[in-house]
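Let me begin by presenting the structure, written as structure tokens, before commenting on it.
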Amino acid sequence: MGFLDTFRRGLRKSSVGISRAFAKIFRGAKLKEASDFAELEKILVSSDFGVKSARAIAESVKNRYELGEISADDNLIEALKDEITARLKRNARAARTAPEGMPTVYLFVGVNGSGKTTSIGKLACRLTAAGKKVVLGACDTFRAAAVEQLTIWAERAKCDIVSAKHGADPASVAFDATSAAIGRKADYLLIDTAGRQQNQASLMNELSKICRCISKVYPEAPHETIMTLDSTLGANSLQQAREFSKACNVSGLVLTKIDGTGKGGMAVALGDEFDMPTLFVGLGERPEDLSDFDPEMYAEALLSGETEE
């Protein structure tokens, strides 16, 4: 399966939902009246593009229509693809890496159930399959099952893991994992943290402590602080990103469970709101379904309107 096909499969539910909504207002060869563009904005808002992004996209499409650049349904879809792609490309970039000879450190944060551990496991599998030496840091010491889950992923990916007993100080585990990654000449260190709600001040402060401990060992690290966001949660993701950014300087996102949402616009809303890149997307359950984010393929798959099984 090609890369675009992977995006199409993962975003099929979102694509079908959006396309059906469009079909209700753009049936003919011509766009009819101003209310159609207001309806377009509503569809985008309901598809998790956010009010700010939805309004800007609808306004741009309307302007192009009034200039005679858009007339038929196909032109509308292409115009939307162009708008979405352009907005996503504003802050698009690949995940940062360390200079050769030093480990690249990614710190994963997010709320409970957002898919941190699974995303780390999938990324570890991909990296080791590419011949990279990977160490996992099990800094979720509050939930006993978290270490077990990460250990299973370490075994599947055939990589090392640094952990501690239940209840240990997460920052000290981060310190040890960073030291181990350097000492073992690893290519990557992927650090898991406990899930926490954005309004839990003490736990958010703990993330800051973890970052400081990593930097004591390795001043340039972490190279990315990556927040995992459950794509099915909608607008609540914006508030999560806002609060986590205050605590630990989030630099990039992983959008998980995209295959489970009928919406799909959150990548645009987050990019516009925080000028923050989406680095990876979870498009399914398999390890290979964690993909690098590609704006053009994302927009193409989101608006493909494919309904076949």
Side-chain angles (χ1 to χ4, degrees), residues 7 10-11 13-14 17 44-54 84 87-88 90-96 106-123 139-140 146 149 190-200 203-204 207 210-211 222 224-285 289-295 297-299 301-302:
F7 270 77
L11 284 162
K13 189 173 181 180
S14 296
L44 294 172
V45 171
S46 67
S47 299
D48 285 347
F49 281 78
V51 174
K52 176 182 176 182
S53 300
I84 291 170
R87 300 187 87 80
L88 291 172
R90 289 177 183 175
N91 47 43
R93 62 172 175 79
R96 299 185 186 103
Y106 295 156
L107 175 68
F108 285 76
V109 302
V111 303
N112 297 301
S114 61
K116 289 185 308 301
T117 305
T118 300
S119 296
I120 290 170
K122 289 179 178 179
L123 182 56
C139 293
D140 183 353
Q149 184 183 3
L190 311 180
I191 299 178
D192 194 12
T193 61
R196 62 204 73 211
Q197 296 301 313
Q198 66 269 20
N199 58 357
Q200 294 174 308
L203 293 179
M204 297 302 283
L207 285 179
I210 289 173
C211 291
E224 298 280 8
T225 298
I226 302 174
M227 183 176 180
T228 57
L229 287 168
D230 182 339
S231 300
T232 65
L233 295 181
N236 189 45
S237 297
L238 293 171
Q239 182 61 25
Q240 291 177 15
R242 187 174 294 111
E243 296 303 320
F244 272 86
S245 293
K246 293 177 185 177
C248 54
N249 193 27
V250 174
S251 59
L253 305 171
V254 180
L255 295 184
T256 65
K257 309 177 189 179
I258 283 184
D259 57 313
T261 178
K263 299 181 178 182
M266 187 50 61
V268 178
L270 288 162
D272 281 354
E273 182 76 17
F274 301 105
D275 193 29
M276 190 182 297
T278 296
L279 301 175
F280 306 101
V281 286
L283 297 166
E285 298 298 323
D289 287 332
L290 182 74
S291 299
D292 292 329
F293 185 72
D294 185 298
M297 289 188 182
Y298 191 88
L302 188 63

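One-based numbering along the sequence shown. No experiment lies behind these values; they were computed from the predicted model shown.
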For this session: Drop me the distance from Met266's CE to Leu233's CG, to the nearest 0.5 angstrom.
Result: 8.5 Å

Exercise. Without hydrogens or angle criteria, can the side chains of Thr225 and Asn249 be said to hold a donor-acceptor pair below 3.5 Å?
Worked result: no

Exercise. Rounded to the nearest 0.5 Å, how far apart are CG of Leu253 and CG of Leu279?
Worked result: 7.0 Å

Exercise. Do the side chains of Asp192 and Gln149 get nearer than 4.5 Å, heavy atoms only?
Worked result: no

For this session: Applying side-chain contact (heavy atoms from CB on, under 4.5 Å), name anything that partners Ser114, two or more places apart in sequence or on another chain.
Result: Val111, Lys116, Thr228

Exercise. Got a second to check how far Met297's CE is from Leu302's CG, nearest 0.5 Å?
Worked result: 15.0 Å

Exercise. What closest approach, in Å, do Ser251 and Glu224 show between heavy atoms, and which atom pair accounts for it?
Worked result: OG-OE1, 2.5 Å

Problem set entry | Gap separating the CD1 atom of Ile226 from the CZ atom of Phe244, nearest 0.5 angstrom | 14.0 Å

Only pairs under 3.5 Å count here: list side-chain donor-acceptor contacts from residues 267-277, not counting sequence neighbours, and write none if there are none.
residue	atom	partner	partner atom	Å
Asp272	OD2	Ser53	OG	2.5
Asp272	OD2	Arg87	NE	2.8
Asp272	OD2	Arg87	NH2	3.2
Glu273	OE2	Arg242	NH2	3.2

Seminar exercise, completed: Rounding to 0.5 Å, atoms SG (Cys139) and CZ (Phe108) come to a distance of 12.5 Å

Seminar exercise, completed: Closest non-hydrogen contact found for Asp230 with Thr256 is CA-OG1, 3.5 Å

Problem set entry | Taking every non-hydrogen atom, the tightest pair across Leu88 and Asn91 | O-OD1, 3.5 Å

Exercise. Mind checking whether Val254 and Leu290 have side chains closer than 4.5 Å, heavy atoms only?
Worked result: yes

Seminar exercise, completed: Which of Asp140, Ile120, Thr117, Ile210 passes side chain to side chain contact (heavy atoms under 4.5 Å, CB included) with Thr193? Answer is Ile210

For this session: Grab the two heavy atoms, one from Leu107 and one from Cys211, that are nearest each other, plus how far apart they are.
Result: CD2-SG, 3.6 Å

